[in-house]
Amino acid sequence: MSATATAAPKGEAVVIGAGIVGVCCALYLQRDGHSVTLVDPRGVGLGASFGNAGNLGWASCVPAAMPGVLKKVPQMLFDGNAPLKLHWGHVPAAAGWFARFIAAARPSRIEAIADARQALLARLHEGYAPLLEAAGAEDLIDYSGLLMTWESDEAFAGSRYALELRRRRGVPMDELDGNEARQMEPALAPSVMRAVHFPRLAHVIDPLRLTETLARHFEQRGGRIRREAARGFEMGPSGPVAVTTDAGRIAADRFIVAAGVWSKNLARQLGTRTPIEAERGYHNVFPQPGIALRAAIMSADRYIAVTPMEAGIRATGVAEFADPDRPADMRYAEMVERRAQGLLPGLKTEGRSQWMGPRPSHPDSLPVIGRSPRFGNVVFAYGHDHIGLALGGITGRLVADIVAGRPTPVDLTPYRPDRF
Ligand SMILES: Cc1cc2nc3c(=O)[nH]c(=O)nc-3n(C[C@H](O)[C@H](O)[C@H](O)COP(=O)(O)OP(=O)(O)OC[C@H]3O[C@@H](n4cnc5c(N)ncnc54)[C@H](O)[C@@H]3O)c2cc1C
């Protein structure tokens, strides 16, 4: 039976977390005939899924840990202008994560991680297509491509290996000089010397509206959304029988943990430890930018992404390692703003809004997607770092396949929950 068909009732499922990943899991389970409840104290789409750069980046197979990381990370941590931030009180909690991160930067691991990321990214549109069509949300996707820019030959040379990782995995791209890049995007600064164009790479013009539209469709088909926080699980003889929340309990047969960075404590209660850290990112939305962009832009040497969206131009960046619930430090959003102004000198910033949200990141740049090693009725789906918007649909599809016991279109070994 196809994962997209609606089947006979199959019992109750609870999905914990109503970000893009949880909502897609809920929709795919519902399509399989489960009666599904989504639980989230904040409502729908207000975690990392709210404020990302919107890129559906099938060119994003490159892991965060790359050669030379051992030298670069300490340098960046002590440089106030660098995009990598570590809250010093958080050092003891994050030390193990960084040790694993450095271990992931071995060349053989990088190739394997890039393969595993690409295996999911290659199916991102396949994952979303049935959901977008059914919910009438196809107009939220813009296929106008992505331009990656560099402002020095040295920085471009430093990105060669990352570009080759993509090229060897079949990602089409065209190299441009600065003038060719400015012909495509006249708003780019004269300092842009090199660019790579990824044609037809898509972005979402309003990530919150995407998650909300899918969630509304889920409700229209009988799904339930409860604004409650999962606190733990009521255990039966062979696994959980209910989620306990701050407002009561929700009995079910199947449990999906898809709470982004907040999955850590829930997974631990189910006997699985996962080294997930909040890589907090910041954004500014410029509602009247005074310039127009055709495509999304990623500045490799400014470490920012700039995306034309429905509400204006959104500039995102920074990786701040800190407790996800610690108050935002909006100086970092201002740093992103200054970098965006350097890249796009005509950018007008009046009336801009700012935001911070936690990328749920594992040190090996791979999500967890798989059945709990301890309990057969629990599936984990979290830790999608910089590519969780892109991977929401395919993750939901894979989770439904796992629950149904169907063969999956992707080998799930690299995403095993017990790999750490
Ligand atoms: C600045 C920035 C730029 C990014 N750019 C991109 C991009 O261009 N492309 C891309 O693909 N990805 C991007 N990402 C990453 C992407 O946003 C995330 O990977 C993705 O949103 C993760 O989705 P999620 O559903 O797993 O987590 P979240 O969206 O964080 O959702 C988790 C949900 O769980 C809920 N929750 C927490 N605790 C509980 C509990 N106890 N009980 C119930 N619910 C709970 C939270 O309220 C939240 O709603 C970016 C991220 C950032 C921060």
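Numbering of ligands and ligand atoms starts at 1, following listing order. All heavy atoms count here, side chains included; hydrogens, waters and symmetry mates do not.
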Taking atom 8 (O) of ligand 1 as the reference point, the nearest protein heavy atom with its distance: Asn55 N, 2.9 Å
Compute the centroid of each ring, for Tyr143 and then for His125, and state whether the two points are separated by less than 6.0 Å. yes
Contacting atoms of ligand 1, where contact means under 4.0 angstrom from a heavy atom of Ile387: 10 (C), 11 (O), 12 (N)
If you have a sec, work out which protein heavy atom is nearest atom 39 (C) of ligand 1 and how many Å separate them, to one decimal? Pro41 CD, 4.0 Å
Is the closest N or O pair between Gly388 and ligand 1 shorter than 3.5 Å? yes
Counting heavy atoms under 4.0 Å, the part of Asp385 that contacts ligand 1 is backbone
Phe321-Phe98 aromatic ring centre distance below 6.0 Å: yes
Sidechain N-carboxylate O distance under 4.0 Å for Glu126, Arg123: yes
Please determine if Glu320 and Lys85 form a salt bridge, counting it only when a charged side-chain N lies under 4.0 Å from a carboxylate O. no
Checking heavy atoms under 4.0 Å, the part of Val39 that sits near ligand 1 is backbone
So that I can tick it off, tell me whether Arg280 and Asp325 are bridged by a salt bridge, with the cut-off set at under 4.0 angstrom between side-chain N and carboxylate O. no
among protein heavy atoms, the one nearest atom 50 (C) of ligand 1 is Asn52 CB, 3.2 Å
Any nitrogen or oxygen of Gly51 lying under 3.5 Å from a nitrogen or oxygen in ligand 1? Just yes or no. no
Consider only side-chain N and O atoms of Asn284 and Trp355, and report whether a donor and an acceptor are under 3.5 Å apart. no
Are Glu277 and Ser361 close enough that a side-chain donor and a side-chain acceptor fall under 3.5 Å? no
Under a 4.0 Å N-O cut-off, is there an ion pair linking Arg226 with Asp40? no
What do you reckon, does Leu389 have a nitrogen or oxygen under 3.5 Å from a nitrogen or oxygen of ligand 1? yes
Hey, would you say the His362 and Phe420 ring centroids sit under 6.0 Å apart? yes
For atom 38 (N) of ligand 1, what's the nearest protein heavy atom and its distance? Trp262 CB, 3.4 Å
Number the atoms of ligand 1 from 1 as they appear, then name those within less than 4.0 Å of a heavy atom of Ala390, with their elements. 10 (C), 11 (O)
Heavy atom of the protein closest to atom 25 (O) of ligand 1 (residue, atom name, distance): Val21 N, 3.1 Å
Atom 30 (O) of ligand 1: closest protein heavy atom, distance to 0.1 Å, is Ala48 N, 2.9 Å
Judged by heavy atoms only, the candidate from Pro367, Gly392, Gly22, Ala259 nearest atom 32 (C) of ligand 1 is Ala259
Minimum non-hydrogen distance to atom 29 (O) of ligand 1, winning option of Ser49, Gly260, Ala315: Ser49
When you check the side-chain N and O atoms of Glu12 and Ser35, is any donor under 3.5 Å from an acceptor? yes
Quick one: look up the protein heavy atom nearest atom 51 (C) of ligand 1 and list residue, atom name and how far away it is. Arg359 CG, 3.4 Å
Does this structure show an ion pair linking Asp115 with Arg169, if we count only N-O contacts that are shorter than 4.0 Å? yes
For ligand 1 and Thr316, I'd like to know whether there is a polar contact (N/O to N/O, distance under 3.5 Å). no
Distance filter under 4.0 Å to Pro360 heavy atoms, resulting ligand 1 atoms: 19 (O)
Logged contact type for His386 with ligand 1, heavy-atom cut-off 4.0 Å, is backbone
of all protein heavy atoms, closest to atom 31 (O) of ligand 1 is Gly19 CA, 3.5 Å
Nearest heavy atoms of Arg109 and Ala103, plus distance in Å: CG-O, 4.2 Å
In terms of side-chain geometry, is the basic nitrogen of Arg168 or Glu111 positioned less than 4.0 Å from the acidic oxygen of its partner? yes
Show which atoms of ligand 1 fall inside a sub-4.0 Å distance from at least one heavy-atom site of Ala229. 42 (N)
Charged N to carboxylate O under 4.0 angstrom, Glu337 versus Arg352? yes
Counting from 1, what ligand 1 atoms have a heavy atom of Arg42 closer than 4.0 Å? 37 (C), 46 (C), 47 (O)
Only heavy atoms of Asp40, strictly under 4.0 Å: list the atoms of ligand 1 that pass. 33 (C), 34 (O), 35 (C), 43 (C), 44 (N), 46 (C), 47 (O), 48 (C), 49 (O)
Which ligand 1 atoms, with their elements, are less than 4.0 angstrom from a heavy-atom of Ile20? 23 (O), 25 (O)
Please step through side-chain contact (heavy atoms from CB on, under 4.5 Å) for the pair Tyr161 and Ile110, ending with a clear verdict. CA-CA 11 Å; Tyr161 178 51; Ile110 290 171; 3.7 Å; yes
Quick one: does Ala53 get an N or O within less than 3.5 Å of an N or O on ligand 1? yes
